[in-house]
Structures are given as C-alpha cells and as structure tokens.
Chemist: 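Below is a structure I'd like to ask you about.
Start at 1 with the first residue, then count along the sequence.
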Amino acid sequence: MQESRLFKIVYYLLEKGQATAPELAKKFEVSARTIYRDIDALSGAGIPIYAEAGRNGGIHLMNDFVLTRTVLSEEEKQEILTALQGLQATQSIDTSDTLSKLSALFNISSENWLEVDFSRWGDKPNDNEKFELLKSAVIHRKCVKITYAASCETISERIIQPLKLTYKSKSWYVKAYCTQKQDYRLFKLTRILDYEILKHDFPPRSFPEPEGTSQQVSKIMIRFPKEMAYRIYDEFDMAQVKQEENGDFVVSAEMPEDSWLVGFLLSFGANAEVIEPAYLRDALAKQAQLIYEKNKP
C-alpha cells in the first residue's frame, strides 16, 4: 500500500508542480505525519524531493526530474506501448519511432497485435476517408453536410454537428446534433452516401446518454436450423441461444418493435421460423409473400 502511495505522490507532484503536506494527506487519506515519512522514504530512494517551509513553501520535485523506467511496473509499461499501438491503428498517427524508443527504454519487446481497417470487405477506400473526415470534424467542431439513407426509406441532406464516433454491434456510427431535426441523432457511417466539411463551427455540447429506452421491445422466439450456427453466434449472445436435441437452435431475445426487425429476420432467408409472437410471424410471412410476388418468374 505504501509503495503504491509513494508512486502516486510522485505522479501528483509531477502534474501539479508542488503541494502541501495537508493537501497530500487529504488526497491520500493519511495523516500529515505519514506524508512526511513518505517524503523521507522517497528521498532515501533517490527521488529528488524536498520540502520548503514558509507561506509559499510546500513539497517539490527538482525541476529537471523525470520518471525513469524503474518507476513503472511491467504491466504499466506494456499498457503504455499498447495504448500507442491503438493510437497508431485507429488515428493514422505514426508512433513507430516512439514505440521503438519506449520499447528500448522499458527493455521489453512490443508485439504489434492490433490492426484496424474502417472499410468494408473489398476495395472501399472511401470508408477510411469518410472516417478520417468525420474524426477531424469532431475534433475541430466543424459542421458536416451529409447525404443520408435513413431506415424509413428516405434519402435526405442533413447538416450535422458531429460529437463522437462510436462502434456498436459491428458498425461505426457518428453521434451528432442534427440541425434539421433540432435534436440528437445517431448516423450509421455506411449509410452516409456523401459528405462535406463546412466552415461553420459549433459550440461544445455533449450527446445525451439515455437513462433508459422508450422504444418498444418484444420478447421473440425463433428457430434456426443447425446449419446457421455461424450466423447465430454472430448476431446473438450465447445466453440467448438454446440448442435442441436435433441440432436446431432456438433463440429467445428482446428485440425492437419496428420495420428493422422484419428486415433483420428476412436476412436469414427461409432459415428463420418465428415461434412467437404471432403478429411477427404474420408480418414476416406477408413481407416474404410480397418479395415472392415481385420476383416470381
């Protein structure tokens, strides 16, 4: 416990420049006497730390002091290298020189285990360009004009204030304020057909995190043949899946009640059999009949 507190005192002083013993005592929930013992221990370990008396006094580190590799644990060193790899993979920042120097300083090798490609399968460089443009707009708070294909079968132009890029359920989205709707919206990146950064800035604002969801959900049960195992585990959590004796799967899950749900189930073709609710079974059958009518020979 003392060793951890000693490191935290050093980190705190590096960040703040100086602190009083009562300030440190309050922060680390110990007595001022304990803080002075900690200062003695740090000094005895070779950390250039000292205390000054008087009105403007306090506890300081020497101005030229820097952390050495001995201050960090092996786990902390690896976490730093991993964070730099993440920056390089997700933000197009070349951190290779920094990684090499820190690997040498820490005396550990850094395996390059992370690779991120924002594009879909196939030659789709536009996806990466779109991601970089939106990232820049978020950072610099620039409005973006987009052409968006909404789920309600409309394609429209919007001007948005992008606030955050987020990855959810195998897809990238931009959390934004839509000036047309005068409300916060979530836009799927693959549905953004065209985009342009505008010169207009927008003020800082936060995307409201929902306390709950007002969207209606239904408890559904669907049977899938065993051949669909690869897709079942792509879409559903294992806790929602039960395998029957013949190998078929029965999925029990809560899903949103909207047109998306029917389209989602249709994506399984003839391999999805709705057990309940009855209305969803009817809706799926009617939609499948319409598809047949449009495509029958």
Chemist: Considering non-hydrogen atoms only, spot the tightest contact between Tyr279 and Ser218 and give its length.
Modeler: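 Scanning both residues completely, I find the closest heavy atoms to be OH-OG, 2.9 Å.
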Chemist: Mind checking the CD1-CD1 spacing from Ile160 to Ile146? Nearest 0.5 Å is all I need.
Modeler: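 If we round to the nearest 0.5 Å, Ile160:CD1 and Ile146:CD1 are 4.0 Å apart.
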Chemist: Let me confirm one number: the CZ-OH distance from Phe207 to Tyr184, rounded to the nearest 0.5 Å.
Modeler: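 Taking CZ in Phe207 and OH in Tyr184, the distance rounds to 8.5 Å.
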Chemist: Do Glu157 and Lys145 make a side-chain contact, defined as non-hydrogen atoms from C-beta onward lying under 4.5 Å apart?
Modeler: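 In short, these two side chains touch, coming nearer than 4.5 Å.
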Chemist: Taking a hydrophobic cluster as the set of Ile, Leu, Val, Met, Phe, Trp and Tyr residues connected by side-chain heavy atoms closer than 4.5 Å, whether directly or through intermediates, do Val10 and Ile35 fall within one such cluster?
Modeler: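 Same hydrophobic cluster.
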Chemist: Could you check whether Glu23 and Tyr12, counting side-chain N and O atoms only, form a donor-acceptor pair closer than 3.5 Å?
Modeler: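 Yes, Glu23 and Tyr12 have a side-chain donor paired with an acceptor closer than 3.5 Å.
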Chemist: Phe224 and ring pair (Phe, Tyr, Trp, His ring centres under 6.0 Å): which partner among Phe249, Tyr230, Phe268, Tyr233?
Modeler: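 Exactly one option meets the ring pair (Phe, Tyr, Trp, His ring centres under 6.0 Å) with Phe224, and it is Phe268.
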Chemist: Hydrophobic cluster membership, with links at side-chain heavy-atom distances under 4.5 Å among I/L/V/M/F/W/Y: are Leu261 and Val274 in one?
Modeler: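 Cluster IDs for Leu261 and Val274 match.
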Chemist: Are Ile49 and Val30 co-members of a hydrophobic cluster defined by side-chain heavy atoms under 4.5 Å apart?
Modeler: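 Linked within one cluster.
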Chemist: Rounded to the nearest 0.5 Å, what's the gap from CD on Glu227 to CD1 on Ile232? Could you check?
Modeler: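 Between atom CD of Glu227 and atom CD1 of Ile232 there are 11.0 Å.
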Chemist: Evaluate side-chain contact (heavy atoms from CB on, under 4.5 Å) for Lys8 paired with Leu6, printing each intermediate quantity in order.
Modeler: CA-CA 5 Å; Lys8 290 177 181 178; Leu6 295 180; over 6 Å; no
Chemist: Do Tyr148 and Phe187 pass the ring-ring contact (aromatic ring centres under 6.0 Å, His included) test, and can you show the C-alpha distance, the side-chain angles, and the key distance before you say yes or no?
Modeler: CA-CA 8 Å; Tyr148 190 70; Phe187 297 96; 5.0 Å; yes
Chemist: Any non-hydrogen side-chain atom of Leu193 less than 4.5 Å from a side-chain atom of Ile155?
Modeler: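 Leu193 reaches Ile155 side chain to side chain.
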Chemist: Are any of the side-chain nitrogens in Arg223 or Glu244 under 4.0 Å away from the carboxylate oxygens of its partner?
Modeler: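 So Arg223 pairs with Glu244 through a salt bridge.
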Chemist: Is there a side-chain contact between Phe131 and Trp172 (heavy atoms, below 4.5 Å)?
Modeler: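 Result yes, sub-4.5 Å side-chain heavy-atom pair found.
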Chemist: Roughly how far, to the nearest 0.5 Å, is OH of Tyr36 from OG of Ser31?
Modeler: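 The distance works out to 11.0 Å.
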Chemist: With a 3.5 Å distance limit and no angle check, can you tell me whether Lys175 reaches the backbone of Leu165 through a side-chain donor-acceptor pair?
Modeler: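 Answer holds: no.
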Chemist: Are the charged groups of Lys296 and Glu293 less than 4.0 angstrom apart, N to O?
Modeler: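 Salt bridge: yes.
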Chemist: Kindly indicate whether the side chain of Leu290, heavy atoms from C-beta on, has any atom under 4.5 Å from the side chain of Lys286.
Modeler: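 No, their side chains stay 4.5 Å or more apart.
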Chemist: Is there a side-chain contact (heavy atoms from CB on, under 4.5 Å) between Ile291 and Leu266? Walk through the geometry before answering.
Modeler: CA-CA 10 Å; Ile291 294 172; Leu266 284 172; 4.0 Å; yes
Chemist: Measure the spacing between CD1 of Ile222 and CE of Met228 and express it to the nearest 0.5 Å.
Modeler: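 Ile222 CD1 to Met228 CE: 11.0 Å, rounded to 0.5 Å.
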Chemist: With a 4.5 Å cut-off on side-chain heavy-atom distances among I, L, V, M, F, W and Y, is there a chain of contacts connecting Ile275 to Phe236?
Modeler: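 No; Phe236 is not reachable from Ile275 via cluster members.
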Chemist: If you measure from the Lys or Arg side-chain nitrogens to the Asp or Glu carboxylate oxygens, is any gap between Lys219 and Glu254 under 4.0 Å?
Modeler: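 Glu254 and Lys219: not salt-bridged.
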Chemist: Does a side chain donor of either Tyr195 or Thr147 reach within less than 3.5 Å of an acceptor in the other side chain?
Modeler: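 Note: Tyr195 and Thr147 side chains miss the donor-acceptor criterion.
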Chemist: Compare all side-chain heavy atoms of Lys164 with those of Val174 and state whether any distance is below 4.5 angstrom.
Modeler: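 With C-beta onward as the side chain, the pair stays apart.
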Chemist: Check step by step if side-chain contact (heavy atoms from CB on, under 4.5 Å) holds for Arg205 and Leu163.
Modeler: CA-CA 7 Å; Arg205 62 168 86 229; Leu163 306 175; 3.5 Å; yes
Chemist: Are side-chain heavy atoms of Phe264 and Glu235 found at a separation under 4.5 Å?
Modeler: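 Result yes, sub-4.5 Å side-chain heavy-atom pair found.
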Chemist: Identify the residue among Asp201, Val138, Val144, Thr179 that makes a side-chain contact (heavy atoms from CB on, under 4.5 Å) with Gln161.
Modeler: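 So the option named by the test is Thr179.
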Chemist: Considering only heavy atoms from C-beta outward, does the side chain of Val241 approach that of Met238 to under 4.5 Å?
Modeler: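 Not touching, per the 4.5 Å side-chain cut-off.
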Chemist: Closer than 3.5 angstrom, by distance alone: can the side chain of Glu132 be matched with the main-chain N or O of Glu129 as a donor-acceptor pair?
Modeler: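 Answer holds: no.
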Chemist: Going through the checks in order, is the side-chain contact (heavy atoms from CB on, under 4.5 Å) test met by Ile192 and Lys130?
Modeler: CA-CA 9 Å; Ile192 296 177; Lys130 185 191 306 178; 4.1 Å; yes
Chemist: Just wondering, do Pro204 and Arg141 contact through their side chains at under 4.5 Å, heavy atoms?
Modeler: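 Yes, side chains in contact.
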Chemist: Applying a strict under-4.5 Å side-chain criterion to I, L, V, M, F, W and Y, I'd like to know whether Tyr167 and Leu133 cluster together.
Modeler: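 Cluster IDs for Tyr167 and Leu133 match.
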Chemist: I need the Lys242 NZ to Gln240 CD distance, nearest 0.5 Å.
Modeler: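 Between Lys242 NZ and Gln240 CD, I get 15.0 Å after rounding to 0.5 Å.
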Chemist: For Lys199 versus Lys142, what's the shortest heavy-atom pair and its separation?
Modeler: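 For Lys199 and Lys142, the tightest heavy-atom pair comes out as O-NZ, 3.3 Å.
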